[in-house]
J.: 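The structure that follows is given in the form of structure tokens.
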Amino acid sequence: MPRAHAATQRPGDRTYQCDAWVARHSTHGEHAYVILDGIGDNAATQRWTRRQAMRIAANCTALSEPTEALRIQRAAALAAKEWAEDDYADAVAVAALWNPALGCLEVGWCGDSRAYLLMDDGRMTPLTTDHNLRQALVTQGLEAHPDDRNSVTSSLAWHGDIGTTVLDLEGGRLLLASDGCYEPIDDSGRDLGQELARYRDPLDTANHLVNLAINLGYGRYRDNATCLVADLAQPRPTPC
């Protein structure tokens, strides 16, 4: 049986891998997928980000609401002041919950990690909108500097918007990616949808995207790169 999801990550030129990913499946058939992109390059941020990813995934399946899982974890981080204890650790996050029985996909996010959906007919749809200065300026009709994308306006241990997208669908290929994965591919002018469809197996696809991002960053600074690929499908009817 082909695998339904896979994730790959590489540290780029950073000392620590401060991205984290979790896939969690509930006893009632829901699938939660989470990526966090830690802000910083140190051991404290690495530890903090991994803990938060596990907690968000657990709440996604417990509550069946990824957006609420992000709100709960943000409130907990602010209340406990975990960021102060761990050298101001923080992260941006994207979480998705797939309910195959209902054909429902919900995505919640804060910051600039992204989610995309590749449909069976080849259409590629972004499911998130960046929470960063670049997007804020573009939304206002103002010119943005390339470096403005590095200034996030929402994160897990701070304030700002928490976005949500809910879709009814029969299937497709879901991509969650940190900016270290999607930005080099975007900057190169390559079609991310074509790259996402290049391989049938999710692990081959995830490996391809992350390796492509790191290789495209050769000669300039390469960030942590992480992506998770999940093939979404509804159960087939049981024959009579």
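When a residue number appears, it is its place in the shown sequence, counting from 1. Quick caveat: nothing in here was measured; it's all calculated off a predicted structure.
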J.: Quick one: list whatever passes salt bridge (Lys or Arg N to Asp or Glu O under 4.0 Å) with Glu195, sequence neighbours left out.
T.: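 For Glu195 the salt bridge (Lys or Arg N to Asp or Glu O under 4.0 Å) partners, ignoring immediate neighbours, are Arg198.
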
J.: Using modelled atom types and a 3.5 Å cut-off, is there a donor and acceptor pairing between side-chain atoms of Arg173 and backbone atoms of Met119?
T.: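 Not confirmed, Arg173 side chain does not pair with Met119 backbone.
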
J.: Could you list the residues that satisfy side chain to side chain donor-acceptor pair (under 3.5 Å) with Asn132, not counting sequence neighbours?
T.: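 In terms of side chain to side chain donor-acceptor pair (under 3.5 Å), with neighbours along the sequence ignored, Asn132 is linked to no residue.
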
J.: For Val152, which fellow cluster members are found when Ile, Leu, Val, Met, Phe, Trp and Tyr are connected by side-chain heavy-atom distances below 4.5 angstrom, either directly or through intermediates?
T.: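 ILVMFWY cluster around Val152 also holds Ile39, Val92.
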
J.: The test is side-chain contact (heavy atoms from CB on, under 4.5 Å); show your working for Glu65 and Leu97 and say whether it passes.
T.: CA-CA 7 Å; Glu65 293 185 8; Leu97 186 76; over 6 Å; no

J.: Does any N or O in the side chain of Asp161 come within less than 3.5 Å of the main-chain N or O of Gly163, such that one atom is a donor and the other an acceptor?
T.: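 No; zero donor-acceptor contacts below 3.5 Å.
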
J.: Kindly say whether Thr15 contributes a backbone atom to a donor-acceptor pair with the side chain of Asp41 at under 3.5 angstrom?
T.: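 It does hold such a pair.
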
J.: Does one hydrophobic cluster hold both Leu156 and Ile162, with members joined at side-chain heavy-atom distances below 4.5 Å?
T.: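 They do share one cluster, since a chain of ILVMFWY contacts under 4.5 Å joins Leu156 to Ile162.
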
J.: Give the C-alpha distance, both sets of side-chain angles, the deciding distance and a yes or no for side-chain contact (heavy atoms from CB on, under 4.5 Å) between Thr125 and Leu167.
T.: CA-CA 11 Å; Thr125 302; Leu167 293 175; 5.8 Å; no

J.: Answer yes or no: is there a donor N or O on one side and an acceptor on the other, between the side chain of Asp37 and the main chain of Ala91, under 3.5 Å?
T.: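 Absent.
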
J.: Please tell me whether Val94 and Trp21 are part of a single hydrophobic cluster in this structure, the criterion being side-chain heavy atoms less than 4.5 Å apart.
T.: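 Yes, Val94 connects to Trp21 through the hydrophobic network.
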
J.: Holding to salt bridge (Lys or Arg N to Asp or Glu O under 4.0 Å), I want the full list of residues that pass it with Arg134, two or more places apart in sequence or in another chain.
T.: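 Result, salt bridge (Lys or Arg N to Asp or Glu O under 4.0 Å) vs Arg134: Asp130.
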
J.: In Å and rounded to the nearest 0.5 Å, what is the OH to CG distance from Tyr116 to Leu192?
T.: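 The CG atom of Leu192 is 5.5 Å from OH of Tyr116, to the nearest 0.5 Å.
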
J.: Can you see which heavy atom on Ala57 is nearest to which on Ala32, and at what distance?
T.: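 Answer, listing the atom of Ala57 first, then Ala32: O-CB, 4.2 Å.
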
J.: If you group Ile, Leu, Val, Met, Phe, Trp and Tyr by side-chain heavy-atom gaps below 4.5 Å, do Ile35 and Trp48 land in one group?
T.: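 Looking at the clustering, Trp48 is in a separate group from Ile35.
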
J.: Could you tell me which residues satisfy side chain to side chain donor-acceptor pair (under 3.5 Å) with Asn150, sequence neighbours excluded, listed by chain and number?
T.: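 Here no residue qualifies.
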
J.: Tell me if the CE atom of Met124 is crowded by more than 12 foreign heavy atoms within 6.0 Å.
T.: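 For Met124, atom CE is crowded (more than 12 foreign heavy atoms under 6.0 Å).
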
J.: What pairs with Arg14 under salt bridge (Lys or Arg N to Asp or Glu O under 4.0 Å), at least two apart in sequence or on another chain?
T.: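 Partners of Arg14 by the salt bridge (Lys or Arg N to Asp or Glu O under 4.0 Å) criterion, ordered by chain and then number, come out as Asp223.
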
J.: If Ile, Leu, Val, Met, Phe, Trp and Tyr residues are connected whenever their side-chain heavy atoms lie under 4.5 Å apart, and connections chain through other members, are Leu117 and Leu228 in the same group?
T.: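 In one cluster: yes.
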
J.: In plain terms, say whether Asp186 and Arg114 are close enough for a salt bridge, that is, a side-chain N and a carboxylate O under 4.0 Å apart.
T.: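 Between Arg114 and Asp186 there is a salt bridge, with a charged N closer than 4.0 Å to a carboxylate O.
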
J.: Just verifying a value: how many Å separate Gln73 CD and Gln52 CD, rounded to the nearest 0.5 Å?
T.: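 Between atom CD of Gln73 and atom CD of Gln52 there are 4.5 Å.
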
J.: Whether the side chain of Thr165 engages the backbone of Val107 through a donor-acceptor N/O pair (distance < 3.5 Å, no angle test) should be reported.
T.: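 Checking the backbone N and O of Val107 against the side chain of Thr165, no donor-acceptor pair under 3.5 Å is found.
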
J.: Hey, what else clusters with Val166 if you join Ile, Leu, Val, Met, Phe, Trp, Tyr whenever side-chain heavy atoms sit under 4.5 Å?
T.: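 Traced through the cluster, Val166 reaches no other member.
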
J.: Can you list everything that forms a salt bridge (Lys or Arg N to Asp or Glu O under 4.0 Å) with Arg71? Sequence neighbours excluded, please.
T.: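 Salt bridge (Lys or Arg N to Asp or Glu O under 4.0 Å) check on Arg71 returns Glu68.
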
J.: Strictly distance-based, threshold 3.5 Å: is any side-chain N or O of Thr153 a donor or acceptor partner for the main-chain N or O of His131?
T.: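 The answer is yes, because a donor-acceptor pair under 3.5 Å joins these two groups.
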
J.: What pair of heavy atoms forms the shortest contact from Asn224 to Pro11, and how long is it?
T.: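 Closest pair (atom of Asn224, atom of Pro11, distance): ND2-O, 2.9 Å.
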
J.: Side chains of Ile185 and Leu209, heavy atoms from C-beta outward: is any pair under 4.5 Å?
T.: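 Side chain of Ile185 against side chain of Leu209, heavy atoms only: contact under 4.5 Å found.
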
J.: Check for a donor-acceptor pair, side chain of Asn207 on one end and backbone N or O of Asp204 on the other, with a separation under 3.5 Å.
T.: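 Absent.
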
J.: Nearest 0.5 Å please: distance from the NE2 atom of His31 over to the CG atom of Leu105.
T.: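 One finds 11.5 Å between NE2 of His31 and CG of Leu105.
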
J.: Quick check: does any side chain N or O of Thr139 sit under 3.5 Å from a backbone N or O of Gln135, one acting as donor and the other as acceptor?
T.: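 Yes, Thr139 side chain to Gln135 backbone: donor-acceptor pair under 3.5 Å.
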
J.: Kindly indicate whether the side chain of Thr45, heavy atoms from C-beta on, has any atom under 4.5 Å from the side chain of Tyr16.
T.: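 They are not in side-chain contact.
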
J.: Measuring only between side-chain heavy atoms, which start at C-beta, is Leu127 closer than 4.5 Å to Leu174?
T.: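 With C-beta onward as the side chain, the pair touches.
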
J.: Specify the closest pair of heavy atoms between Ala115 and Leu176, including all atoms of both residues, with the distance to one decimal.
T.: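 It is CB-CD2, 3.5 Å.
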
J.: Start with the C-alpha distance between Ser151 and His145, add both sets of side-chain angles, then the distance that settles side-chain contact (heavy atoms from CB on, under 4.5 Å), and finish with yes or no.
T.: CA-CA 11 Å; Ser151 299; His145 187 274; over 6 Å; no

J.: Could you grab the distance from atom CG of Asp148 to atom CG of Leu133, nearest 0.5 Å is fine?
T.: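 Output value for this atom pair is 4.0 Å.
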
J.: Sub-3.5 Å donor-acceptor pair from the side chain of Trp98 to the main-chain atoms of Asp231, do we have one?
T.: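 Between the backbone of Asp231 and the side chain of Trp98 there is no qualifying donor-acceptor contact (under 3.5 Å).
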
J.: Please name the pair of heavy atoms, one in Gly180 and one in Ala213, separated by the smallest distance, quoted to 0.1 Å.
T.: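 Where Gly180 meets Ala213 most closely, the heavy atoms are O-CB, 3.6 Å.
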
J.: State which residues pass side chain to side chain donor-acceptor pair (under 3.5 Å) with Thr61; sequence neighbours excluded, sorted by chain then number.
T.: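 Thr61 satisfies side chain to side chain donor-acceptor pair (under 3.5 Å) with Arg24 only.
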
J.: Can you name the nearest heavy-atom pair linking Cys110 to Leu70, along with the distance?
T.: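 For Cys110 versus Leu70, the nearest heavy atoms are N-CD1, 4.4 Å.
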
J.: Apply side chain to side chain donor-acceptor pair (under 3.5 Å) to Thr226 and list each qualifying residue two or more places apart in sequence or on a separate chain.
T.: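 In terms of side chain to side chain donor-acceptor pair (under 3.5 Å), with neighbours along the sequence ignored, Thr226 is linked to Gln9, Asp19.
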
J.: Run the ring-ring contact (aromatic ring centres under 6.0 Å, His included) test against His159 and tell me which residues pass, sequence neighbours left out.
T.: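 For His159, no residue satisfies ring-ring contact (aromatic ring centres under 6.0 Å, His included) once neighbours in sequence are set aside.
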
J.: Which pair of non-hydrogen atoms, one from Pro184 and one from Leu216, has the smallest distance, and what is that distance?
T.: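 Looks like O-CD1, 3.6 Å.
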
J.: Check whether any side-chain heavy atom of Leu175 lies under 4.5 Å from a side-chain heavy atom of Cys227, and answer yes or no.
T.: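 Leu175 vs Cys227: side chains touch.
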
J.: Considering residues at least two apart in sequence or located in another chain, which fulfil the ring-ring contact (aromatic ring centres under 6.0 Å, His included) criterion with Tyr33?
T.: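 So Tyr33 forms a ring-ring contact (aromatic ring centres under 6.0 Å, His included) with His5.
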
J.: Using the rule given for side-chain contact (heavy atoms from CB on, under 4.5 Å), can you reason through Asp179 versus Arg149, listing the C-alpha separation, both sets of side-chain angles and the distance that settles it, and then say yes or no?
T.: CA-CA 10 Å; Asp179 63 346; Arg149 67 188 182 186; over 6 Å; no

J.: Are the side chain of Gln17 and the backbone of Arg10 linked by a donor-acceptor contact shorter than 3.5 Å?
T.: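 Yes, Gln17 side chain to Arg10 backbone: donor-acceptor pair under 3.5 Å.
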
J.: Going by heavy atoms in the side chains, are Met54 and Arg50 under 4.5 Å from each other?
T.: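 No, side chains not in contact.
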
J.: Any chain of hydrophobic side-chain contacts (each under 4.5 Å) joining Leu118 to Val229?
T.: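 In one cluster with Leu118: Val229, yes.
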
